[in-house]
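Reading through the structure tokens given below for one structure.
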Amino acid sequence: SGSGKTILSKFVSWMNGMKTFQIKVHKFYTTKDFDSDLRSVLIRSGCKDEKICFIFDESNVLDTAFLERMNALLASGEVPGLFEGADFQHLMDECKENGRRLGEVLGSDDDRYKRFCAQVQRNLHV
């Protein structure tokens, strides 16, 4: 703590034209809040093609579930179970909208989800 790694990460992100994202942990921050923040940053990087540096340090780990989700994200570009039901439909709607803007035609939800995961792997840096 206090060695300037976060500031340096923000500076390098800025130099590379990337936006930074860091969760705002507070006394009542829960796994549900973390999942919501993850969904938001994944949609930005996977559907809206934003290049994002996700700054996640030891002070952000309030529950082992946070580490499990980040490990899955780093390993595969996705977090199993994060987008289900209405959240998955919202994700597919965002992907369709982005596809329309880019003039791409992706037929099935599986194709859209695969493209989404590839975009996350390309655009999100943790």
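A quick note: this is a predicted structure, and the numbers were derived from the prediction, not measured. Computed from heavy atoms alone, side chains included, the values below leave out hydrogens, waters and symmetry copies.
Nearest heavy atoms, Glu78 versus Cys117: CB-SG, 3.9 Å. Of all the heavy atoms in Ser45 and Val120, the pair that sits closest is OG-CG2, 3.8 Å.
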Using the rule given for side chain to side chain contact (heavy atoms under 4.5 Å, CB included), can you reason through Asp57 versus Lys5, listing the C-alpha separation, both sets of side-chain angles and the distance that settles it, and then say yes or no?
CA-CA 10 Å; Asp57 62 23; Lys5 290 180 282 220; over 6 Å; no
Step by step, would you call Phe83 with Phe116 a ring-ring contact (aromatic ring centres under 6.0 Å, His included)?
CA-CA 12 Å; Phe83 291 101; Phe116 166 77; 5.7 Å; yes
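In summary, Arg112 and Asp109 engage in a salt bridge, as defined by a charged side-chain N under 4.0 Å from a carboxylate O.
In this structure, Ser40 contributes its side chain and Ser36 its backbone to no donor-acceptor pair below 3.5 Å. Counting only distance, with no hydrogens or angles, the side chain of Arg115 and the backbone of Asp111 share no donor-acceptor pair below 3.5 Å.
Leu38 and Ile55 sit in two unconnected hydrophobic clusters of ILVMFWY residues. Membership requires side-chain heavy atoms under 4.5 Å apart, directly or through other members. No continuous path of hydrophobic side-chain contacts links Leu73 to Met18 [ILVMFWY only; heavy atoms under 4.5 Å]. Criterion: ILVMFWY side-chain heavy atoms under 4.5 Å apart, direct or through other members. Under it, Val12 and Leu124 are not part of a common hydrophobic cluster. Cluster membership for Phe88 and Val79, using ILVMFWY side-chain heavy atoms within less than 4.5 angstrom, is shared. One hydrophobic cluster, built from ILVMFWY side chains closer than 4.5 Å, holds both Val41 and Val61.
Classified by interplanar angle (parallel below 30°, tilted 30° to 60°, perpendicular above 60°), the ring pair Phe28/His26 is tilted. Taking the six-membered ring where tryptophan is involved, the planes of Phe66 and Phe34 are essentially parallel, since the angle between them stays under 30° and well short of 60°.
Atom CZ of Arg69 and atom CZ of Phe56 lie 10.5 Å apart (nearest 0.5 Å). With rounding to the nearest 0.5 angstrom, the CE atom of Met92 is 8.0 Å from the CD atom of Gln89. The structure places CD1 of Ile43 at 8.0 Å from SG of Cys95, a figure rounded to the nearest 0.5 Å. One distance of note links CG of Leu62 with CD1 of Ile23; it measures 6.5 Å at 0.5 Å rounding. Taking CG from Asn123 and CD from Glu50, the interatomic distance works out to 9.0 Å, rounded to the nearest 0.5 Å.
In this structure, the side chains of Ile52 and Arg44 come closer than 4.5 Å at one or more pairs of heavy atoms. Contact of the Leu82 side chain with the Asp87 side chain is not registered, since no non-hydrogen atoms from C-beta on lie closer than 4.5 Å.
With no hydrogens or angles considered, a side-chain donor-acceptor pair links Gln119 and Asp49 at under 3.5 Å. Checking Glu94 against Asn98 by side-chain atom types alone, no donor-acceptor pair falls below 3.5 Å. Donor-acceptor pairing under 3.5 Å is recorded for the side chains of Asp37 and Tyr29.
Within the structure, no pair that satisfies the side chain to side chain donor-acceptor pair (under 3.5 Å) test touches residues 9-20, not counting sequence neighbours.
Within 6.0 Å of atom NZ in Lys48, 12 or fewer heavy atoms from other residues, nucleotides or ligands are found, so the atom counts as exposed in its surroundings.
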